[in-house]
Structure formats: structure tokens, C-alpha cells
Amino acid sequence: MSAPTLVSIRNVSKRYQRGKQSVEVLQNLDLDIGQGEFIALMGPSGSGKTTLLNLIGGLDHPSTGEIRVGSERIDSLSDGKLAKWRARHVGFVFQFYNLMPMLSAERNVELPLLLTSLSSAQRKRNVAAALTVVGLADRARHKPSELSGGQAQRVAIARALVADPTLLVCDEPTGDLDRHTADEILGLLQALNREHGKTIVMVTHDPKAAEYASRQLHMDKGALIDAGAINAA
Amino acid sequence: MFKQIGAVTSMNVRGIPQRLGASLVIVIGIAVTVGVMVSVLAMAVGFDKTINSTGHADRAIVLRGGSVSELGSTISRDNTLTIMDAAGVRHGDDGKPVASAEALLIVGLPKKGEQSQANVTLRGVGPASFALRPEIHITEGRMFQPAVHELIVGRSAQGQFAGLSIGSKIALRDSEWTVVGVFDSDGDSHESELLADVETVLSAFRRNLYQSVVVQLENPDAFNAFKDALTTNPTLSVDVKRETDYYKSQAQQLNKLLNFLAYFVGSIMAIGAVFGALNAMYSAVAARGLEIATLRAIGFSSFSVVFSVLIEALALALAGGAIGAVFAWLFFNGNTVSTLGGNFTQVVFHLTVSPTLLITGIVWACLIGVIGGLFPAIRAARLPVAAALRAG
């Protein structure tokens, strides 16, 4: 029996206005992502994968079409409601970690919890647990400048999962790391998916990174193409 | 929401050392603006204080009808007697009215440390003048004698003009006058004057008319009776004013000018400071664009971002305002300056940086901070998150 659908995308298009020209980045796209899937979104630069990731993560609105995550239709939410929705349901991992340089690792991880009603003590416990999951409990007091790239990305992953989101959205999470460290991070994401049941959508250029995913999706010119077409090419 | 605002603000404030240069632009710009404005306003406050402390509500001054100041007034000897005998005037133990017919002359004296001369008031006062003005105290030397060329000098006048120490000789008209005493007068404008016996002054300057008559009223409420007595007397054409009202009216024009100058100069500088703050805050927001976008991606509200940027601008503005105000207070409060008063003579007064002025300066600083921070804050909050993440 297949997993229930978590993300449902129907007939989604996204257009940007560049001067007088309208550029269609996504065209009539349909996609379903099951609960507990680990999806790798691949494709050349400009294919629209980051745009799609932003739409799934509620960072942007589609020009047309419908996006549902769980029972919520997010394409019609206002910016304010979308921000609240993101805080409850999405954890973000960015290529360059996007940690706050003036905050320690634990304070960085705590940020999403400041949007909840948890007490300070509960927040501390959750932060400690998240840092333990990513193997950085001993680096809690360190600032980002005192961490290696791999460690910084682990902190970013801890921040993404500390509020127990429905969905982890990762934009080139290993794009700034060496092979060995990238494998560690991807192993960690895979463990989060397999052992903790986290649904992950990851954009990557790296075929090796994509191998960690349970499903690979390929995009070109704003549309999803099937794997068979790529292999044939 | 408070947790969000607190968290973002805390991050902004912790990031200030990384943006020290831009932050200092705001702090110094606002400090200079507030410092200059408070200093100029301190002149207005000091001048106002000096003029307002001159005169008492239970004293009245009589000038020729239509005269706006003592300098343009003349009162004959006959009229002075009528004025002093009017209803409402207090009489002393000797049965004589407590009143002084006075002559006012402008004399030129060299200012200390300067080549140029400035005008000083030489006031000829009557024998009852010191009963009339108990606030005048001889602090050094002695009182002048009538019928000889002696005078006493106000403490402020002595501080501003050269050659006014006791024993000094001053050439006035065709005669030489000796400084025999120094007086203070509770900091009022008489401290900028020279006092001598009125008959000796009139004689030396070959005059026969007084400029004003100052009388002690039986009580403040006796003013109307006194005024009515004089203004209904067909032999007199005089204006009667309470002493307090008279000195207030003398200061009005200059006070307006000083206030205008302070706010005009302050406003121009404030506009400059607003642009400085805008520039610095735009830079600060641009430098933190990725951080702000990340926070908004995580779910922090636009409002918390706007509010935190505003708080940062406000904090920097407050620091600048406080520095400017303290600077003005340290370096200008109590400084003695002089300016041309109502009689075209120098009025010496002390710059007064009052608590109200300090608060005014801080309020201006806050306004500059809010205006300077608002637009960058709105821009930071309105930039689409995805675009801001890409730009970062």
C-alpha cells in the first residue's frame, strides 16, 4: 500500500516579470509527494527546481494552480498566514547554512521554537535533543564561525527539524561541502527520513547526492520529465 | 510576538559591532544635531530665564505714552512727582513713596579680550531704588555716593567688559567715573548694567528728563488702581505696565529669533541626520538581507522584522541623542554670553540646558531614528522571501 499523499501540486505555473517580458519558469506542473518520501529534485540551472522547492516550502505563490500540503491549500494563503504555516510545517536547509553569525549553535537551533508557545525549559530540551540527533551536542555553545562547513550544516539541519515540521525542504544542502562531508550530511538526511519518518524534498545538482533519495525527479525548462527519458538521452 | 521581536532585536543589537562604522554614522550625526540644537535653545532658555527673573509683579514701570522701551521714553520732573503720589504706591517708614525716577543712557565700553566696544546700560537710580529692589546686593566695594562721579557695576557686566574692577576709572561723556562697588541682582538683567545716582547722571549728561519711573505697589492687586489713577489723569500721557510684563515684552522678539534659529538650524541638521540614518539603516538592512530573509523563511513575521529594525535605529538614535544632550550640558550649561537687549544694550545671560531641553533633544533624536529606520525596515519586510534568499 503506497504512503498517503502529503504534497499535492496540480496544474501549477509560475511566471516572473522581467521588464516587459513575462518568463514562465514552471508550466502546468503536476506532482504528488507521499508522506515519508525523500525526493531529490534534479535538473540543469534554470530548470525551475528551486522555484518548485520554494512553492512547496511556502516561500512563494504560484501564478496559477493549486498546492496542497496535508489538508491545507497553501497557494491561496496570505503572506502572514503563509509565514505562520511555514513555522508549523516546514524546516529549511540552505546551501550556505544561513545561520545567524552572532548566535551560538544552540541559539540558532532555538529560533523556530521562539515561534511556538513552548516554555524556555522545554525549548532547551528540544534544542539539546535536535543537536544530539545531528551529533553536535558538544558544539552547542560554539558560534558558526567556530564550526566547520559540515558542522554548520548539521546545525542548520538541527534548526530545520527542532520544531518537528511536517516537511524538510533542502536547497542544495551539500553544494558547499566536500565529498566526504557531503556524504555525512546526506547520510544524516537519509537517517532522518528512514528512522524518523521525515518527508524531505531536496534540490541537488549532484547525482551522487540524489542516490540517497527514495525518488528522483528531473526537471527541464519548467517541467518534470521522467527518468526514462533522461536515461534514453 | 514579543519573543519574535525580542529575538530579532537581540540579533540586530548583537550585530552592531560588525557594523560599527555605519552605526557610528547614525550616532554621531544625531549627537551633533541634538548637541547644536540644545545649545542654541539653551541660549533662548537662558535669555528667557534672565529676563523673566527681572521684575516683580508688585512693581510697576511707567513710561511715556506710546513708548515701547525706556530708551524711547521721557518723563518730566513734574510728572514723576504726580506718578509717585498716585494711589497704590507703597510708602516707606519715612512716609516717602518707594519709587525711583530713572535715567537710562547707553555707554560704550570695551569687551574683555576684544578691541571693539559694546553698549552697556548706565542706569541712574533714585535714592529709594535699593528699597525698591531688595534683590540688589553689594558683593564687593561699597555703594556709590550721590553728587560725585561714582558708580557700581553688575556682576555680569564686570564679567563681560574690561576695566570694571573696583577703583577703575571710566570715561563717560566729559567726565571720569570711578567704579566703587560690584552688585548682584539674583541673576536678572540689571546685573548687566552700571548703576549711579540719577541726578548726578542727568547733570553729567546735561539732561533734565527721566526715562521711567519704577514704583513699589502696596501689593500686586494694587496695580489696577495705580494704572487707573495715572491713565485717567488728564495731565499725564503715560503707559503703565507691571514690571514683569514689561521685561517679558522686551525679550519677546529676541526670544522668538533664538527659538526660530534653534529649530531652523536644528531642522536642517535633523534632515541631514535623517538621511545619514536612512543610509546607514539601508546598509545595515542590506548587510543583513540574508539573515532577515532566513528568519522570515523560518516563519518570523514581517512585523517583527520592521519592529526590530526600528528598535535598532531608535537605540542608536537614543545613544546619539544622549551623547549630544550630555555634550551640550557639559560644555554649554552655565556659559555666560551676551546679546543685544531691548534697549540696544548688552544683556548678559547664562546658557541654560534645562531638563526640558534635554528631553526635547532626546525626543528629536528619537524622531530622527524612527524616520531613518522606518523606510529601511519596511523595505526589509516587503522584499519577497524567495527573492531575498536568492539575492543573499
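Per chain, numbering begins at 1; letters A, B, ... match sequence-line order.
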If you round to the nearest 0.5 Å, how far is [atom2] of [Y] from [atom1] of [X]?
{"X": "A:D171", "Y": "B:L389", "atom1": "CG", "atom2": "CG", "value": "8.5 Å"}
{"X": "B:I5", "Y": "A:L114", "atom1": "CD1", "atom2": "CG", "value": "12.5 Å"}
{"X": "B:I298", "Y": "A:N108", "atom1": "CD1", "atom2": "CG", "value": "8.0 Å"}
{"X": "A:D79", "Y": "B:R296", "atom1": "CG", "atom2": "CZ", "value": "7.5 Å"}
{"X": "A:M100", "Y": "B:L290", "atom1": "CE", "atom2": "CG", "value": "7.5 Å"}
{"X": "B:T294", "Y": "A:L111", "atom1": "OG1", "atom2": "CG", "value": "10.0 Å"}

Would the number of heavy atoms belonging to other residues, nucleotides or ligands and lying under 6.0 Å from [atom1] of [X] be above 12?
{"X": "B:R379", "atom1": "CZ", "result": "no"}
{"X": "A:Q17", "atom1": "CD", "result": "yes"}
{"X": "A:R73", "atom1": "CZ", "result": "yes"}

Region of [X] that comes under 4.5 Å of a non-hydrogen atom in chain B:
{"X": "A:S117", "answer": "backbone"}
{"X": "A:Y97", "answer": "neither"}
{"X": "A:N54", "answer": "side chain"}
{"X": "A:F94", "answer": "side chain"}
{"X": "A:R159", "answer": "side chain"}

Answer yes or no: is there a donor N or O on one side and an acceptor on the other, between the side chain of A:R86 and the main chain of B:G299, under 3.5 Å?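 It does not hold such a pair.
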
At a 4.5 Å cut-off on heavy atoms, which part of B:F303 comes close to chain A: side chain, backbone, both, or neither?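 For B:F303, neither part sits under 4.5 Å from chain A.
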
